[in-house]
Amino acid sequence: MRYILSAVTLVALTLLALPARAALQITDDHGVVVNFERSPQRIVSLLPSLAETVCELGQCQRLVGVDRYTNWPASVKALPQVGGGLDPNIEVIVALRPDVVLMATSSRAGERLRALGIKVVALEPKTHADVQRVLLKIGQLLEVPDAQKIWRAIDAAVMAAAQSLPAGVRGTRVYFEVNPGPYAAGERSFIGETLTRLGAKNIVPASLGPFPKLNPEYIVRADPDLIMVGQRSVDGMAQRPGWMSMRAMRGQHLCVFPVDASDALVRPGPRMAEGARLMARCLAEKAPGAQAAKGTGR
């Protein structure tokens, strides 16, 4: 009997000595630590770039609901929509029984969802470094081991877009309009960072913030060489006072991106490389320096 008890005690002590499986912990952009017993299998996303990141990590099948603006990849269009990202329909989210809700830090829904016992992770990428950080953090949450490899591929593609450009376009002064207001992408925005990596010069300095609302006269005075704008924003641009006097408008140094391309450009997520290629193509085709080089046959 004593031998049997000793054996049982030994087994018990051995089991206690085994390292317990570490709980999955994620610290979100509010500094809140969120604990999970296991990697979440049912995810609601309230920000397009976060849903795109989940899919880029090969885990699209875990999404059970998205906000009304999430539309890429095509498969997410079949998912239930839970309203806007800032103020979604809480009842619809609860009915989807998510293991976690991914949302922007600016969303007002976090406190209400937590009060209902739903785990929330608030993440909001705004720069290239943020895109990398959020990709790796969601990779950690979903237990995807090769998230860093995916980031390296994105970063390398941005670098390749920059290297594809002719020397004549470097230093092109660019105005990138995000939406009518006009709201611009400044040097501090992820779009501005991409322009810098492409060798372009942003007419909106970092001191004005990442996405400032500008007086249209400011843009006229800055007189950019090239304008980048989405199809949603271009209507009425030529009628703005003084705009047809700008060299970009006079010389048709203007890139108008269709809706699908605009989404890739203005969302700080895994399609950042696609955005870089779109901007590089615009510079190569529409920048005065590129057109001058073509005109001389160089």
Side-chain angles (χ1 to χ4, degrees), residues 72 157-206 208-268 271-298:
W72 188 91
V158 174
M159 186 179 300
Q163 292 172 343
S164 72
L165 286 168
V169 307
R170 297 200 171 274
T172 299
R173 299 173 66 256
V174 175
Y175 167 64
F176 191 113
E177 183 162 307
V178 178
N179 55 44
Y183 287 90
E187 285 181 324
R188 279 176 48 198
S189 69
F190 70 96
I191 296 170
E193 289 178 336
T194 299
L195 284 171
T196 297
R197 290 186 65 175
L198 295 176
K201 173 65 177 173
N202 198 322
I203 68 162
V204 183
L208 293 182
F211 295 105
K213 182 177 181 179
L214 300 177
N215 185 322
E217 292 181 6
Y218 174 93
I219 303 156
V220 174
R221 289 196 302 270
D223 197 14
D225 302 318
L226 176 67
I227 294 173
M228 299 184 184
V229 62
Q231 187 67 55
R232 297 184 184 102
S233 302
V234 73
D235 291 343
M237 182 174 278
Q239 284 71 51
R240 295 175 184 173
W243 275 52
M244 286 310 298
S245 68
M246 293 191 296
R247 70 185 76 187
M249 297 294 283
R250 292 197 316 268
Q252 290 297 297
H253 305 302
L254 177 73
C255 293
V256 181
F257 300 107
V259 172
D260 288 347
S262 292
D263 286 344
L265 284 161
V266 302
R267 293 176 180 174
R271 288 196 287 167
M272 193 173 74
E274 182 181 344
R277 287 190 288 268
L278 288 165
M279 284 189 267
R281 188 182 309 144
C282 170
L283 285 161
E285 294 176 357
K286 293 288 188 176
Q291 293 182 347
K294 291 176 185 176
T296 58
R298 289 182 293 171

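None of these values were measured; they are calculated from a predicted model.
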For [X] versus [Y], what's the shortest heavy-atom pair and its separation?
X    : Y    : value
C282 : L226 : SG-CD2, 3.8 Å
T172 : V169 : OG1-O, 2.5 Å
N202 : G186 : ND2-C, 3.4 Å
E177 : P182 : OE1-CB, 3.3 Å
P205 : Y218 : CD-OH, 3.2 Å
P166 : A284 : CD-CB, 4.4 Å

- Task: Indicate yes or no: at least one non-hydrogen side-chain atom of V266 is less than 4.5 angstrom from one of F257.
- Result: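 No, every pair of side-chain atoms sits at 4.5 Å or beyond.
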- Query: Can you check whether I203 reaches I219 side chain to side chain, under 4.5 Å on heavy atoms?
  - Reply: yes
- Task: Take L265 and I191, measure what side-chain contact (heavy atoms from CB on, under 4.5 Å) needs, and give me the verdict at the end.
- Result: CA-CA 7 Å; L265 284 161; I191 296 170; 5.6 Å; no
- Query: Just wondering, more than 12 heavy atoms not from Y183 lying within 6.0 Å of its OH?
  - Reply: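 Atom OH in Y183 is not packed in, count stays at 12 or less.
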[atom2] on [Y] to [atom1] on [X], rounded to 0.5 Å:
X    : Y    : atom1 : atom2 : answer
Q239 : M244 : CD    : CE    : 9.0 Å
I227 : S233 : CD1   : OG    : 12.0 Å
E274 : M279 : CD    : CE    : 11.0 Å
M272 : R277 : CE    : CZ    : 11.0 Å
S164 : L283 : OG    : CG    : 9.5 Å

- Message: Run the side-chain contact (heavy atoms from CB on, under 4.5 Å) test on R281 and L278 for me, step by step, so that the C-alpha distance in whole Å, both residues' side-chain angles and the decisive distance to 0.1 Å come before the verdict.
- Response: CA-CA 5 Å; R281 188 182 309 144; L278 288 165; 3.8 Å; yes
Do [X] side-chain atoms and [Y] backbone N/O form a donor-acceptor pair below 3.5 Å?
X    : Y    : result
H253 : K286 : yes
R250 : S245 : yes
R197 : A161 : no
R232 : N179 : no
D225 : P288 : no
E187 : A206 : yes
D223 : R247 : yes

- Item | Mutual orientation of the aromatic rings belonging to W243 and Y175 [parallel < 30°, tilted 30-60°, perpendicular > 60°] | perpendicular
- Task: Would you please test R240 and E217 for salt bridge (charged side-chain N to carboxylate O under 4.0 Å, His left out) and show each step?
- Result: CA-CA 9 Å; R240 295 175 184 173; E217 292 181 6; over 6 Å; no
- Show your working on side-chain contact (heavy atoms from CB on, under 4.5 Å) between V229 and L254 and close with a plain yes or no. CA-CA 8 Å; V229 62; L254 177 73; 4.0 Å; yes
- Item | Derivation of the side-chain contact (heavy atoms from CB on, under 4.5 Å) call for V174 and M228 | CA-CA 7 Å; V174 175; M228 299 184 184; 4.2 Å; yes
